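Everything quoted here is computed from the prediction, not taken from an experiment. In each ligand, atom 1 is the first atom listed, and ligand 1 is the first ligand listed.
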Amino acid sequence: MIKQDECKLAANHRVGVVWFTGLSGSGKTTISQRVERLLLDRGYHCAVLDGDKLRAGLNSDLGYTEADRTENLRRTAEVTAMFLDVGFIVLVPMITPTEAMRAQIRRRFDAHSYTEVYVRCSLDTCEQRDPKGLYRKAREGILRDFTGIDARYEPPAQPELILDTEHWSIGQCAQQLVEFIDRKYSIH
Ligand SMILES: Nc1ncnc2c1ncn2[C@@H]1O[C@H](COP(=O)(O)OS(=O)(=O)O)[C@@H](OP(=O)(O)O)[C@H]1O
Ligand SMILES: Nc1ncnc2c1ncn2[C@@H]1O[C@H](COP(=O)(O)OP(=O)(O)O)[C@@H](O)[C@H]1O
């Protein structure tokens, strides 16, 4: 029989990538941070890769053209792979706006360790939330190539999970994802 401590130890060694996609303001950051706390409480080793910090450092030479986004995401996937190698569940909240970009990332990982989560929210609601005031700047023409305004966002065709942040609370979305991770990454 497996003792409780051994179960906890095993839980610590579950690994995987949870790659969020969604418009700016859809809730990717909020949910990933809430889920990180819940997973840490459950004994997972996990970390959120903060896109803003990556863009401030490693990816500071990149902007928001499709070519730059593709490179931003490629580098982020490489960093993610390093966290995976040392035993983490990695939560990656990045817009990842096109199917081609998402396919490129998916190819980088094994199917069993990769989960794409679509954080679904209408452009209208994201724009009303406008948590960083960026939509206003995009509408005023101060920000160019803004996703959903003058740069495209393609909803994912086959995400493993959809979190509808327009109709579900932050807590409900986080709980859904934790349950999904528990099921997918549980040890058989
Ligand atoms: N032009 C433009 N378009 C979209 N987003 C912009 C833009 N300029 C700045 N920002 C801020 O950068 C965050 C998106 O960066 P990402 O690295 O996630 O984008 S991408 O995946 O490479 O498309 C995004 O963060 P989130 O709001 O958390 O999604 C914005 O805060
Ligand atoms: N169900 C929900 N899930 C996530 N965020 C929500 C939800 N309902 C409202 N919000 C609000 O929407 C905003 C989402 O911002 P943020 O997490 O920064 O989005 P993103 O990282 O996708 O740009 C936050 O102000 C958050 O409080």
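Looking at heavy atoms from C-beta onward, L177 lies in side-chain contact with V117 at the 4.5 angstrom threshold. Using a 4.5 Å heavy-atom cutoff, the side chains of T98 and R152 are in contact.
Under the 3.5 Å distance criterion, with hydrogens and angles disregarded, a donor-acceptor pair is assigned to the side chains of T125 and S122. Using modelled atom types and a 3.5 Å distance limit, the side chains of Q175 and E179 yield a donor-acceptor pair.
In this structure, the side-chain hydrogen bond (donor to acceptor under 3.5 Å, both in side chains) partners of R106, at least two apart in sequence or on a different chain, are E160. Not counting sequence neighbours, R37 has no partner by the salt bridge (Lys or Arg N to Asp or Glu O under 4.0 Å) test. Under the side-chain hydrogen bond (donor to acceptor under 3.5 Å, both in side chains) criterion, R144 pairs with no residue, sequence neighbours left out.
When the heavy-atom distances from atom 19 (O) of ligand 1 to R144, M94, R55 are ranked, the shortest goes to R55. Looking at Y135, Y64, F20, it is Y64 that brings a heavy atom closest to atom 13 (C) of ligand 1. Nearest-residue assignment for atom 22 (O) of ligand 1 (options N72, T29, L143, D50; heavy-atom criterion): N72.
Only the side chain of L73 comes within 4.0 Å of ligand 1, counting heavy atoms alone; its backbone N, CA, C and O stay farther away.
Within ligand 1, counting atoms from 1 as listed, the ones closer than 4.0 Å to a heavy atom of P97 are 23 (O). Below 4.0 Å from some heavy atom of D145 lie the following atoms of ligand 1, by number and element: 1 (N), 2 (C), 3 (N). Counting atoms of ligand 1 from 1 in the listed order, those under 4.0 Å from a heavy atom of K28 are 29 (O). Residue contact check: S24 has heavy atoms under 4.0 Å from atoms 26 (P), 27 (O), 29 (O) of ligand 1.
The shortest N or O to N or O distance between D52 and ligand 1 is not below 3.5 Å. For a threshold of 3.5 Å applied to N or O pairs, the pair formed by I95 and ligand 1 contains at least one separation below that value.
Of all protein heavy atoms, the one lying nearest to atom 23 (O) of ligand 1 is R69 NH1, 2.8 Å. In terms of protein heavy atoms, atom 30 (C) of ligand 1 is closest to L134 CD1, 3.4 Å. Among protein heavy atoms, atom 21 (O) of ligand 1 sits closest to T96 N, 2.9 Å. With hydrogens left out, the protein atom closest to atom 2 (C) of ligand 1 is F146 CD1, 3.3 Å, a heavy atom. For atom 31 (O) of ligand 1, the nearest non-hydrogen atom of the protein is K132 NZ, 2.9 Å. Protein heavy atom closest to atom 4 (C) of ligand 1, with residue, atom name and distance, is T147 OG1, 3.3 Å.
Within 4.0 Å of ligand 2, heavy atoms belong to protein residues L23, S24, G25, S26, G27, K28, T29, T30, I31, R129, P131, T165, W168, S169, I170.
R42 and D182 are joined by a salt bridge, as a carboxylate oxygen and a charged side-chain nitrogen come within less than 4.0 angstrom of each other. By the 4.0 Å N-to-carboxylate-O rule, R69 lies too far from E66 to be salt-bridged with it. We find that D50 and R55 are not joined by a salt bridge, their nearest charged nitrogen and carboxylate oxygen being 4.0 Å or further apart. A salt bridge does not link K137 to E140: none of the charged nitrogens lies less than 4.0 Å from a carboxylate oxygen.
Proximity of the aromatic rings of Y64 and F146 is defined here by a centroid distance below 6.0 angstrom, and this criterion is not met.
Between Y135 and D130, the shortest heavy-atom distance links the atoms N-OD1, 2.9 Å. Nearest heavy atom pair, residue L84 against residue S113, reads CD2-OG, 4.2 Å.
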